[in-house]
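Here the structure is laid out as structure tokens; the discussion comes afterwards.
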Amino acid sequence: MQKKLKLWDAIMLVMGSMIGSGIFIVSADMMRNLGSGFWLIVVWVITGIMTVAAAISYGELSALYPKAGGQYTYLKEIFGKKMGFLYGWGLFTVIQTGTIAAVAMAFGKFTAYLVPALNDAAPIFQSGEFKITWIQILAIAIIILLTYINTRGVESGKLLQNIFTGSKIIALVGLIAAGFILVDVSHMAENFSLGTDSFNNLKKDLLGNFLKEGWQPIDGMTLMGGIAAAMVGSVFSSVAWESVTFVSGEIENPKKNVVKSMIYGTTAVMILYIAVNYVYLNALDRDSIAFAENDRVAVAASHFIFGSAGTVIIAVLVMISTFGCNNGLILAGARVFQTMAKDGMFFKQAEKNNKNEVPANALWMQGIWASLLCLSGQYGNLLDMISFVIVLFYMITVFGVIYLRYKQPDLERQYKTWLYPVTPVIYLLIGTGFCILLLIYKQQYTWPGFLMVILGLPVYYFINRNKKIEE
């Protein structure tokens, strides 16, 4: 593969893949689970520590295996083909493609702010609860457009990624500045006045709407469950940074630049995320965050900061953000499926590069499946359930760093995990606590995604039915 991506390009890919629609929406549900500005920030800080600790740990593996496929390659090399396939299976069926679909739909929904006719138009097709709307068609069009651009070569995808990631970083910094400069009445003191107290147990009316007067104090294990449920949103908003490892084969000096891009990129994004949440807490009171219409807390904050123009401003920002995010996801994901095809673990056609030296077939397979998920109407439900699975795979990969240190201590490591073994252990402890609490208190976030991955086992054995399986 040609080395066309420099360190700056890799950092833009990390940041662009992370910043999608989540940061503009998830804080509403997080506040409903926590009822406290203090705990809202605590959860974002915990997520930030987790994310950066994982990125630092992945750096050691990226230096050991500086080739395309990234996390799939790490898991396959350390734990065997079966583990690598299960990750790749989950990535194709829902993790990468489901995220692409959801981000494209977010683009469509915020476009509808600027073009109300998209919301008002009758469905193109409807049968019972299943329907196809113009917003879904727009989402599919965006996926097809970005897939096509990326088939034109790495340079095309790189240029688009850098432009849109740079634009949304500037816009986010502007929103953060305006959130403190232009707010006449600050709610910060009010939101932190409860100290370490937290509230939850919200009740719903007959229509399923939350009742604002339903706040009840929570503590102990109930608070722990609330923190875990809140982290589903913050974790989902903070994933996909590992996408840069998928394109390691196309990055200059990957043994150094991949780890640098992950650490610099994740740190910068988590600082931005925490700052944006301070803006929410400054501009809005607790109820305005928790009960923002359609969970669009950024819209509510932007309206408060900029007045009636706020809705347009935030709609444009989310459109820029989601467009750039999807470009990064589409660019990176196909490289994993190409690597799997070379290993005999995916459709053989995905192995080939086109005349522009990019895996066009893998790109189109990914794009077509993501488009079908847009039509299914179920992608949102699937995404609610994959944070658990994503963290599980992160934990297995981070554990791989410790496992390799024990099994192959003499391997030449050009980069060693900073503060080893403290850094990987921190991630494993926080991740284990997150998963256990979800299994106890929020099982709807765990088993469906886990079962989706397990369904890959019979597929794996079918693919290998005529082969001697190497573990």
Side-chain angles (χ1 to χ4, degrees), residues 65 67-102 143 147 239-240 242-243 245-246 329-330 332-352 359-397 399-400 435 439 443-471:
Y65 308 110
K67 50 189 176 181
Q71 190 170 354
Y72 160 76
T73 300
Y74 308 159
L75 291 170
K76 183 193 73 172
E77 294 289 341
I78 299 169
F79 299 112
K81 289 174 64 177
K82 189 188 299 181
M83 182 64 74
F85 174 80
L86 287 178
Y87 172 73
W89 162 265
L91 200 74
F92 183 78
T93 54
V94 68
I95 295 174
Q96 196 81 356
T97 51
T99 304
I100 290 169
I143 293 171
T147 299
V239 298
E242 76 281 5
S243 292
T245 69
F246 302 164
L329 294 170
I330 288 168
R335 272 63 179 180
V336 179
F337 311 131
Q338 181 186 41
T339 304
M340 291 177 68
K342 289 177 179 178
D343 294 337
M345 294 285 108
F346 198 68
F347 300 108
K348 188 169 180 61
Q349 293 86 344
E351 182 179 343
K352 299 177 183 177
N361 290 340
L363 280 162
W364 284 117
M365 290 174 188
Q366 173 184 257
I368 290 168
W369 182 245
S371 297
L372 290 173
L373 289 178
C374 284
L375 291 178
S376 73
Q378 301 304 310
Y379 61 90
N381 296 333
L382 289 169
L383 287 178
D384 285 341
M385 301 158 189
I386 64 170
S387 291
F388 176 80
V389 173
I390 291 173
V391 171
L392 273 183
F393 277 120
Y394 280 166
M395 288 173 62
I396 294 168
T397 310
F399 175 73
C435 291
L439 283 168
Q443 294 183 8
Q444 70 270 28
Y445 290 126
T446 58
W447 293 113
F450 186 69
L451 288 174
M452 188 65 145
V453 173
I454 294 301
L455 284 174
L457 280 175
V459 178
Y460 173 79
Y461 287 117
F462 177 78
I463 290 173
N464 288 278
R465 64 193 184 281
N466 295 322
K467 303 175 186 176
K468 181 180 178 181
I469 299 176
E470 299 175 8
E471 295 298 341

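- Residue A350 comes nearest to P359 through the heavy atom pair O-CB, 4.3 Å, listed as atom of the first residue, atom of the second, then distance.
- Taking 4.5 Å as the limit, some side-chain heavy atom of M365 sits within range of a side-chain heavy atom of F346.
- T97 places no side-chain N or O within donor-acceptor distance of the main-chain N or O of Q366, the cut-off being under 3.5 Å.
- A distance of 7.0 Å separates CG in L392 from CZ in F450, rounded to the nearest 0.5 Å.
- Taking CZ of F337 as the start and CZ of F246 as the end, the distance is 7.5 Å to the nearest 0.5 Å.
- Nearest heavy atoms, A101 versus I143: CA-CD1, 4.3 Å.
- In this structure, E242 contributes its side chain and A240 its backbone to a donor-acceptor pair below 3.5 Å.
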>> Show, in sequence, the C-alpha distance, side-chain angles and deciding distance for L91 and F393, and conclude whether the side chain to side chain contact (heavy atoms under 4.5 Å, CB included) test is met.
In response: CA-CA 11 Å; L91 200 74; F393 277 120; over 6 Å; no
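- Under the 4.5 Å side-chain criterion, counting only non-hydrogen atoms from C-beta, I396 is not in contact with Y87.
- We find the CD1-CH2 distance between I454 and W89 to be 11.5 Å, quoted to the nearest 0.5 Å.
- Taking 4.5 Å as the limit, every side-chain heavy atom of L457 sits out of range of all side-chain heavy atoms of F85.
- Separating the CD1 atom in I330 from the OG1 atom in T147 is a distance of 4.0 Å, to the nearest 0.5 Å.
- Between T93 and M452 the shortest side-chain heavy-atom distance falls below 4.5 Å.
- For the side-chain hydrogen bond (donor to acceptor under 3.5 Å, both in side chains) with Y72, the lone residue among D343, T339, T245 that qualifies is D343.
- Rounded to the nearest 0.5 Å, atoms OG1 (T446) and CG (L451) are 9.0 Å apart.
- Side-chain contact between N361 and Q338: absent, with no pair of heavy atoms (C-beta onward) separated by less than 4.5 Å.
- A donor-acceptor pair under 3.5 Å is absent between the side-chain atoms of W369 and the main chain of G98, judged by distance alone.
- Rounded to the nearest 0.5 Å, atoms CD1 (I386) and OG1 (T99) are 4.5 Å apart.
- Here the closest heavy-atom approach between residue C435 and residue V391 is recorded as SG-CG1, 3.9 Å.
- Looking at heavy atoms from C-beta onward, Y460 lies in side-chain contact with N464 at the 4.5 angstrom threshold.
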> Under the side chain to side chain contact (heavy atoms under 4.5 Å, CB included) criterion, do F399 and I78 qualify, and how do the steps go?
Replying inline: CA-CA 10 Å; F399 175 73; I78 299 169; over 6 Å; no
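- Shortest non-hydrogen contact noted between A332 and S243 is CB-O, 3.4 Å.
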